[in-house]
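Let me begin by presenting the structure, written as structure tokens, before commenting on it.
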Protein chains: 2
Amino acid sequence: MTRNTTRTTSFDVAALAGVSQSAVSRAFTPGSSIAEETRQKVLEAAKKLNYVPNSIASSLTTKRTNIVALILGNLGNPFYVHVLHTFSQRLQEQGRQVLIFTVDPGAESDEAILHLLKYQVDGVILTAAQLSTRMTSICHDRGIPIVLFNRYIPGSDASGVRCDNAGGGRLIAEAFLAAGARSFLMITGDPKGTTSQDRARGFVERLLEEGVRRSDIAEIEGSSSYEGAYSAVLRHFGDKNRTRPEAIFGINDIMAMGAMDALRFRLGLKIPEDLMLAGFDDIPEGRRAPYQLTTVRQPINQMVDEALDMLHLDEPSLPIERGLDHPIAGRLIWRGTIPVPPAYQWPAGTTREAEPNAE
Amino acid sequence: MTRNTTRTTSFDVAALAGVSQSAVSRAFTPGSSIAEETRQKVLEAAKKLNYVPNSIASSLTTKRTNIVALILGNLGNPFYVHVLHTFSQRLQEQGRQVLIFTVDPGAESDEAILHLLKYQVDGVILTAAQLSTRMTSICHDRGIPIVLFNRYIPGSDASGVRCDNAGGGRLIAEAFLAAGARSFLMITGDPKGTTSQDRARGFVERLLEEGVRRSDIAEIEGSSSYEGAYSAVLRHFGDKNRTRPEAIFGINDIMAMGAMDALRFRLGLKIPEDLMLAGFDDIPEGRRAPYQLTTVRQPINQMVDEALDMLHLDEPSLPIERGLDHPIAGRLIWRGTIPVPPAYQWPAGTTREAEPNAE
DNA sequence: GTGAAAGCGCTAACAG
DNA sequence: CTGTTAGCGCTTTCAC
């Protein structure tokens, strides 16, 4: 059997229902003035013919595709998988769909933007990738709002929502200090990404405030991945005359996990006995028994909701929000990779999660 | 600033370039007959206006949207994240994009199908979800090819590509037997999913062939997730008068990992000393130091390529492939969760991966 | 409340 | 090679 060439259109339905084509259109447009009786006739005919309105065609006139583009840079990090999933679910609930654009981690998404313009998407969410200000204005000029998820582009007027990354970095610093650490190693991600920069900055700032010497804060690059952090740690500790830090801050959980495995399985260190460790994100993987990672939880649902709000998908006539930067506070989740100091006063905004762990 | 209402169309470009509108269309259509000189004039004008052809509009006439729908049931399993990523990359290379539809794991995707029909996608890939035969024919009738990824629907004429799941189950059985195991536990996933069924079936068949008694093969349900397997194992072993099996087969890696953590961290068992274990998929997470999971590798790149081939995206006039079932053999990857029997003859199709592990 | 008719932005014959 | 002219399937005035 070869493929059907002529698809069933609203005209076919109209003919079967004995009404005009515009009646069919109205039957499928909520809130349009149509008699309930005609509506039923149309719906019945439509069902008989398996008719589904062609939203591609309708978007030509309405200028709405109900498609939101999501630019993703790093699906190797489970955090962004979670982000994708949350966006997809929320949008589906609203009758919209996600069009995926994957770019190399840390790469410019300019090309992706060019492609998504062709699809006339209603909005774009950008995460884990860079964006030129030129592309931002091209989108804005065409009336396509773009919101940055967990990053900002300095000098750009794109709006964004993000975790308070610097604040989160400070929370980790405080936890380490409370547990008695005085020398540190940071494993950073994409050096061009503001997320990594901010977390590191907040972390360092807080340490310096407490009198830690700058020379006691080392830094290595873990390329935002498990493998990157794993090998970066091995490289760093391979240098024998380097003194071992007392605490390691993985800028995100997946790197903290990579570092942790390198420390335990290759360097034979015990955590938190020999060395304490923390991450950032609170991905489900970090909660698992082998890791029990102390971390900062990103309020992902709230962040997604706010990002969607910023898009004004339901009121396209509203002006595009520009230059908004909406930080949302994270929450320290205390698990097993930082020893609890005796008589420790849990600060506000801290959750203590003691997992059942019989080992 | 309020949004731009009038977008730049091919007419604007035509006017600026001093040519007809159809010339603009030709300039952007590869292989159409147009003088190189006019082409350049048009491209130049287009660049000045930041013009990008509206592919929504063009799809109205060409009947091609260059959008492929991907129905995903379970992003909690990293295997499917990898699948998504691979599809997205391949399709982007071809100038196409992926439209995501997430459904509850194991749920019917009928509603998703109804939605994707509206978008006139060029094809649909369905994975980790169920599909009624009725929906299959609705798609086929409209000329939309649908290929099942790693599953098949009995009685449906949808084509699919999958790993040889039964064969993979047999490979695991053989490895266990070679290592001397005689009593077994399977942790299965979605009971309605053919993937889980086939792996279990192949596994059991092979064991029975070797004279294992059916009563020595237990089975519990792990709902295809880490957490599901983790708690299923705790529940099963909580019953003290149950004898401990010598080998556990997690129908997929993520469940094997959950089981492994429950066994080690909650039940205090050593793997492979006290108990051997294997998974299926070969997700990167299973290769990590804490797991070193012996498993069957799914040839994901090959599977994605074949699935895309079946869609005939480049030759839409070809008839839709029906009822094709394309199994591709997996490969046993021997790591640390099954002890290597002395003087073991590595069968063909086996890869031995000894990870550097200093512990 | 309903039908007729004019587009939305583009492609695809069709003449020239 | 290029311009003209119909549509693609739908929404949206505009009369009735």
May I have the distance from B:L60 (atom CG) to C:dT11 (atom P), rounded to whole angstrom? 11 Å
Write down the distance between CD (B:E36) and P (D:dT2), rounded to a whole number of angstrom. 11 Å
Whole-Å distance separating the NZ atom of A:K63 from the P atom of C:dC10: 10 Å
Could you check how far CG of B:L49 sits from C1' of C:dG9, rounded to whole Å? 15 Å
Expressed in angstrom and rounded to an integer, what is the separation of A:Q40 atom CD from C:dG1 atom P? 15 Å
When you compare the side chain of B:V24 with that of B:Y51, does any pair of heavy atoms fall below 4.5 Å? yes
Determine whether the side chains of B:Q92 and A:T102 contain a donor N or O and an acceptor N or O closer than 3.5 Å. yes
The helix from C:dG1-D:dC16 to C:dG16-D:dC1: angle between terminal helix axes, five bp per end, to the nearest 10 degrees, reads 30°
With a sphere of 6.0 Å drawn around CD of A:E111, does it hold more than 12 non-hydrogen atoms of other residues, nucleotides or ligands? no
Figure out the CD1/C1' separation between B:I34 and C:dA12, and round it to whole Å. 15 Å
For the residue pair B:N150 and B:T195, confirm or rule out a side-chain donor-acceptor distance under 3.5 Å. no
Separation of atom CG in A:D12 from atom P in D:dC8, rounded to whole Å: 11 Å
Starting at the 5' end of nucleotides 10-16 of chain D, put B wherever the base has a protein heavy atom under 4.0 Å, S where only the sugar-phosphate does, and a dash everywhere else. BBBB---
Would you say CD of A:E37 has more than 12 non-hydrogen atoms from neighbouring residues, nucleotides or ligands within 6.0 angstrom? no
Within a radius of less than 6.0 Å around CD of B:E93, do more than 12 heavy atoms belonging to other residues, nucleotides or ligands occur? yes
Give a yes or no on whether a salt bridge exists between A:K41 and A:E44, defined as a side-chain N under 4.0 angstrom from a carboxylate O. no
